[in-house]
Amino acid sequence: MNNCHWNILSCIFTTLMYLVKTPFWLRWLYPQLVWRRSIASKTIYITFDDGPIPEVTPFVLDTLAMYNAKATFFCIGDNVRKYPEIFERIKAEGHSVGNHTFNHLKGWATEDDLYLQNFRLCDDLINTHLFRPPYGRIKRSQIRKLKSEFPELDIIMWDVLSGDFDVNLSPEKCLRNVLSTTSDGSIVVFHDSLKAFERLRFVLPLALKYWKEQGFAISQL
Ligand SMILES: [Zn+2]
């Protein structure tokens, strides 16, 4: 993609800040990334980015267990280094883990070599075929280099962004956004982070309860 396209995309992102529902044209521009799973099965794939941390991740694990739900945790390598016991608990309870770089680097602002090096640092700890670029921002050259070095890698984006990180969003509105945009095969982003916790602790139990009542399976990637 040339610079002009980058500028347009960057401009759109800056203007909108974020979109709850990923628009079709973004999926069309990046078909090599995973935006959602098959709509054929009544399954929702929930994901948690930026942990593990002791203040939030145990709450998430307890809540998931309560609803017999499995999820995918895109972990920051440095947090895994700091809290290995929480990372081990995630895996022991049957959830999937994904690479989210070692230091949560923004791909658009990072040289490719440094980006891949940071990916590898995290990979040494996590060893997974799942990767989510922090902020969802990754250059085409970085996608190409990652795929060439790690042919099995699935780069996972999302279909629904909960906005739980948005401190201006009420927990109730966050819940409405998530429930109204999620459907069969959706990949939903939450965050096990301090910033998101006020909304997450309200939204997660209610969303899981609602989806279970609707007959959805909640699965890991
Ligand atoms: Zn992140």
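These numbers come from the heavy atoms of this one structure, side chains and all, not from hydrogens, waters or symmetry mates. Atoms within each ligand, like the ligands themselves, are counted from 1 in listed order.
In this structure the side chain of His191 never reaches within 4.5 angstrom of the side chain of Leu200, judged on heavy atoms. Between Leu204 and Tyr67, the closest side-chain pair of non-hydrogen atoms is not below 4.5 Å.
Between the Zn ion (ligand 1) and the N, O or S atoms of Asp50, the shortest distance is to OD1.
Among the atoms of His191, no N, O or S atom falls under 2.8 Å of the Zn ion (ligand 1). Residue contacts to the Zn ion (ligand 1): Asp49 brings no N, O or S atom closer than 2.8 Å.
Ring planes of Phe48 and Phe190: parallel class, angle under 30° (limits at 30 and 60°).
A side-chain donor-acceptor contact under 3.5 Å links Thr57 and Asp192.
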